[in-house]
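To keep things clear, I will list the structure first and then write my remarks on it.
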Number of protein chains: 2
Amino acid sequence: MKKRSARGTITRESVADAALAIADRDGFDSVTIRAVAAEIGATPMALYTYFPDKDALYEGMRGRVLERVSATNISRRTWQSVLEGVARGVHRVMGEHPHWTPLLAHDSGLPPSGLAFIDGLWAVMLKEGFAIEDVLRAYGSVMSFAIGSVLFERIMMGTEGDVIAKRLALLKELVGRAPGQYGSLATVAAKVDRWRWDDVFELGIRSLLAGIETQCAPSARHARRRPRTHRVRS
Amino acid sequence: MKKRSARGTITRESVADAALAIADRDGFDSVTIRAVAAEIGATPMALYTYFPDKDALYEGMRGRVLERVSATNISRRTWQSVLEGVARGVHRVMGEHPHWTPLLAHDSGLPPSGLAFIDGLWAVMLKEGFAIEDVLRAYGSVMSFAIGSVLFERIMMGTEGDVIAKRLALLKELVGRAPGQYGSLATVAAKVDRWRWDDVFELGIRSLLAGIETQCAPSARHARRRPRTHRVRS
DNA sequence: ACCTGAACACCGTTCAAGT
DNA sequence: ACCTGAACACCGTTCAAGT
């Protein structure tokens, strides 16, 4: 909808940012090639100079999001501050831009800037004495939770922040069926408007850091060789 | 592609199952109204008798998936077995059907059967003495992790199980840039083919259950009134 | 190389009509 | 109520053409 931009002013970043702006404003499904082109004052096909297809555009968007996450200035002093920092960064950025969350669930690759970002985090963990396989194990569990908490909140609450509307719809759903049948749900749902979703995140991140500490983090005190229990599951 | 089904034989379940079968076989993006209709031998518009729109179809699919999760027979004896059981169920079902994972990230509602399922889990937690707000806090953190671990694995490894191909692509990516720059990434990536993703899940679920135990679970020994630390964040 | 305009093969969904 | 067939307003992407 903007005026035609001068030739040569388009960049991968400006395209990705335009796409993110549309997602913010109109929802993720409104991010179409045509809409993004209109946003920067170009023709749909002009974008194909910068991104070979729509998955590549998603990848570019994800790169820009990760730059925002890293801009929350994660301390690299300890492995705890690294893991907590990146989790908190994901949680904060996605809390501010709920329409961006589908990017986290779309398996269309990580841009080079994302690789560099991860490399920096893993370097700290290795330097702190993490075993190589524990780096991915610990990073994976924390990132899984960070991503999942954002998506789970979106699934439960929707994207519009209409908590009350959702709760009422839920209760109406319950009343419509056999009364008393969904007693536990109703009991908890009645508390939902007083609910702070951040508490879910806090409980999870605290538990995970503690668990990593005891299960795979290197102790600076005594330089033991990662005492992992070998487990057998049926 | 099947033969025309007799009039009146279509059900919500058969439509949802056909959609899940297509996702399994051809990928999630191949689940189109037209493809599902063809799968059950009907016309595209025939589905609209059972689902008002595509989001409703997703909701129906999610309901069928949750039935599978609950079919993993979750023990309801303790709150630990409930939370671990549902997390393990999600992890197992989605491990067997990676193409279904986008359903977990799509915020288009939970079907009534899903509500009943959650109600049953929460009933156990309440009966075990959980405070009302702790029910959602604990359930939320565990489910967030379960969902996130599935999606994170899919993001990192792709959906085809082509672990080696992915790793090679990653390493090639690294070599292409300044050598030695992505040292940490390369060090860890070199171990990836020996990697068991289940270890990420095990570390997370263990940590979360332990954290819930200390931070909000009721102790059967001494019936204290949930000793939560009151925290203030900047 | 960058960008345009027309066209193609899809998609979800509406509508009018049949049983 | 259940189901059909044609049509509409989209979508991502290809192609031939211009600078």
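Chain A is the first sequence line, chain B the second, and so forth, proteins listed ahead of strands; every chain is numbered from 1.
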| So which nucleotide from C/dC11, D/dA6, D/dG12 ends up closest to the side chain of A/T32? | D/dG12
| Whole-Å distance between C/dC11 P and A/D29 CG? | 17 Å
| If a stem is a run of at least 3 consecutive Watson-Crick or G-U pairs, both distances under 3.5 Å, which stems include DNA chain D? | C:4-8 with D:12-16, C:12-16 with D:4-8
| Out of D/dC15, C/dG12, C/dT14, which nucleotide sits closest to the side chain of B/I33? | C/dG12
| task | Assess whether side chain to side chain donor-acceptor pair (under 3.5 Å) is satisfied between B/H97 and B/D24, documenting all intermediate values. | result | CA-CA 6 Å; B/H97 305 278; B/D24 249 345; 2.7 Å; yes
| Just how far, in rounded Å, is P of D/dA16 from CE of A/M45? | 13 Å
| message | Among C/dT4, D/dA7, D/dC3, which nucleotide has an atom closest to any side-chain atom of B/I10? | response | D/dC3
| field | B/M94 and B/L104, any side-chain heavy atoms less than 4.5 Å apart | value | yes
| request: Keeping the roles fixed (side chain from B/Y58, backbone from B/L103), state whether a donor-acceptor pair exists under 3.5 Å. | output: no
| query | What residues in residues 47-65 of chain A put a non-hydrogen atom under 4.0 Å from any atom of DNA chain D? | reply | A/Y48, A/D53, A/K54
| Donor-acceptor under 3.5 Å (B/R12 side chain, B/G60 main chain) | no
| remark: Closest of D/dG5, C/dT4, D/dG12 to the A/R34 side chain is D/dG12
| message | Within the structure provided, determine whether A/V135 and B/T187 are in side-chain contact (heavy-atom separation under 4.5 Å). | response | no
| B/F152 side chain near A/Y139 side chain, heavy-atom distance below 4.5 Å | yes
| message | Under a 3.5 Å cutoff, is there a donor and acceptor pairing between the side chains of B/S113 and B/R64? | response | no
| Short side-chain to backbone donor-acceptor contact, B/D53 and B/A56, under 3.5 Å | yes
